[in-house]
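Letters A, B, ... mirror the listed sequences (proteins, then strands); counts begin at 1. All values below were derived from every heavy atom in this structure, side-chain atoms included, with hydrogens, water molecules and symmetry-related copies excluded.
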Amino acid sequence: MSRATETFEKFLSNNSIFSNKNILQANYTPENIPHRDSEIEQIAKILAPALKLNKPSNLFIYGKTGTGKTLSAIHTTNQIQQMAQEMQIPVKIIYVNCKLKKIADTEYRLIAQLIREFGREIAVTGLPTDEVYRYFFKIIDTRKQIIILILDEIDQLIKKTGDEILYNLTRINSELKEAQISIVGISNDLVFTDTIDPRIKSSLSEEELIFKPYNAVQIQEILSQRAEKAFKENVVSPGVIAKCAAFAAREHGDARRALELLRIAGELAEREGVERVDIKHLDEAEDKLEKDRIADIVSSQPKQFQAVLYSVIMLSSKNSKICETGELYNTYRKICANTNLRPLTQRRVSDVVSELDMLGIINARTISKGRYGRTREVSLAINSQSEKKIMEIIEREFS
DNA sequence: CGAGATTCATGTGAAGTATACCTTTAGGCTTAA
DNA sequence: AAGCCTAAAGGTATACTTCACATGAATCTCGTA
């Protein structure tokens, strides 16, 4: 029997250590969310008027990643949707992640995406933005209804395109005759509203909610609760959950990360063919998680971005981890020449560097070297393992 | 010696361009009465 | 004459380029102690 068939056999024989792996998946919404009772209650209170066909206040939710913001918002709105359905009240919930490249990362694309959420098609470009708004109004204003619009990671969108979008969104309601829209903005950045127009801010965040990070004990509870359902009995070694929680607590209480860590540890154990998830798997998982996260980001970037990133890697491995924009651009030109890529101008590359910085793949800070001009010091924000993975991805992309 | 001017290499804002896609409109062709 | 197709005209969004000016500390300059 070949190696491959052996693997398949094992896979098919279904002696998986998971009983339901979905429970550990990032997009899974559990029925109860521990330690977020008061937050959920508040969200529910704020959004409850929807069930009487009144427009709920706009809501802004702040908190670091993995503190259950998105989860709580989706959970609560799901319940509202369900009740509304039973009571025959027209409430529509829309969830959009504003970070997604090419989907909702500009004003036009955001509104276009909203239209698609209503099952209509709309051109990806070419229409005036006003026209897209008008079309959106037309669709939703056909009947009396409450729309709850959840804009996840809205800070990313605002940082990139300015706060005009928010202004337009807030004035939507005055243009609607039948329908009403409430906006639930979710932001990882606690201070980003400092940069937006105060008038817009006040109308947008009629209500505010801050999610505090989980502490180690809470994360541990969350983990064991989910692990119990996700894994078969006696699969997870004692101590694994505790260590997993400790990892996460170290990272400002990021529960999503902890869950993912546990899932990957499980997958690794399973792939290895062992019956138990051990600490060892957890350590490997931490590695893999970081690698996967970055691999995801990198492979979703356009070629030009990858080429710039590749230059950064090449330079930082040669020099002492830090490179300057001048030599970075030269290296980039060389790579373009070698790969038949049309080189962008330095101006554009400068922006690309900024965007990669925003993505957290590289660090770039502008410094002045006095007499010798000014530049940006660019360094990789990732470990050498991920670095190799990135190289692989990019090299594959260019072959 | 120290205050101010100079300088460098690049950051950064604004405006312009290319591309891809949109709607509208006018003209030409077909068709049915 | 009405209907339909096509192509041109005129519009927008987005990614990128071009142009021009801004930045900011090391270095230079020059007056002064």
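- Annotation for A:Gln82: atom CD does not count as buried by contact number, only 12 or fewer foreign heavy atoms lying within 6.0 Å.
- A:Arg171 and A:Ser203 form no side-chain donor-acceptor contact under 3.5 Å, judged by distance and modelled atom types alone.
- Here A:Ile23 is tied into one hydrophobic group with A:Tyr28, each link being a pair of ILVMFWY side chains closer than 4.5 Å.
- There is a side-chain donor-acceptor pair under 3.5 Å between A:Asp278 and A:Ser237.
- Enclosure of atom NZ in A:Lys99 is not indicated, since only 12 or fewer non-hydrogen atoms of other residues, nucleotides or ligands lie within 6.0 angstrom.
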Sequence-aligned protein contact record of nucleotides 18-24 of chain B, with B where the base is within under 4.0 Å of a protein heavy atom and S where only the sugar-phosphate is: ---BSS-
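- For the pair A:Ile361 and A:Val298, the minimum side-chain heavy-atom distance is below 4.5 Å.
- Every residue meeting the side-chain contact (heavy atoms from CB on, under 4.5 Å) condition with A:Glu267, not counting sequence neighbours, appears here in chain and number order: A:Phe18, A:Lys21, A:Arg263, A:Ile264, A:Arg271.
- A search for salt bridge (charged side-chain N to carboxylate O under 4.0 Å, His left out) contacts involving A:Glu117 returns nothing, not counting sequence neighbours.
- Checked against side-chain contact (heavy atoms from CB on, under 4.5 Å), A:Glu228 has no partners two or more places apart in sequence or in another chain.
- The residue A:Thr375 sits close only to the backbone: its heavy atoms come under 4.0 Å of sugar-phosphate atoms, none of a base.
- Residues from residues 348-368 of chain A placing a heavy atom under 4.0 Å of any atom in DNA chain B, listed by number, are A:Ser350, A:Thr366.
- The side chain to side chain donor-acceptor pair (under 3.5 Å) contacts involving residues 42-52 of chain A comprise nothing, where partners must be two or more places apart or lie in separate chains.
- Under a 4.0 Å N-O distance rule, the pair A:Arg365/A:Glu377 qualifies as a salt bridge.
- Within residues 152-159 of chain A, no residue has a heavy atom under 4.0 Å from DNA chain C.
- By the 6.0 Å and 45° rule, A:Arg36 stacks over the aromatic ring of A:Tyr214.
- In this structure A:Tyr108 satisfies the ring-ring contact (aromatic ring centres under 6.0 Å, His included) test with no other residue, sequence neighbours excluded.
- A:Glu290 and A:Asn383 are not linked by any side-chain donor-acceptor pair at a separation below 3.5 angstrom, with hydrogens and angles left out of the test.
- Within residues 298-312 of chain A, no residue approaches DNA chain C, by heavy-atom distance under 4.0 Å.
- In summary, the side chains of A:Thr161 and A:Thr106 do not present any donor paired with an acceptor at a separation below 3.5 Å, with no hydrogens or angles considered.
- Separating the CD atom of A:Glu324 from the C1' atom of B:dA9 is a distance of 9 Å, rounded to the nearest angstrom.
- Boundaries of the chain A contact region on DNA chain C are C:dG11 to C:dC28, first to last in 5' to 3' order (nucleotide atom under 4.0 Å from a heavy atom).
- Comment: A:Glu260 does not engage A:Arg293 in a salt bridge, judged by the lack of any side-chain N to carboxylate O separation of less than 4.0 angstrom.
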Give me the distances for all protein-to-nucleotides 2-7 of chain B N/O pairs that come in under 3.5 Å?
residue : atom : partner  : partner atom : Å
B:dT7   : O3'  : A:Arg371 : NH2          : 3.0

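- B:dT17 atom C1' lies 15 Å from atom CG of A:Leu344, rounded to whole Å.
- For A:Arg376 and A:Ser350, the side-chain atoms include at least one donor-acceptor pair closer than 3.5 Å.
- Residues A:Ile61 and A:Val184 meet the side-chain proximity criterion, which asks for heavy atoms closer than 4.5 Å.
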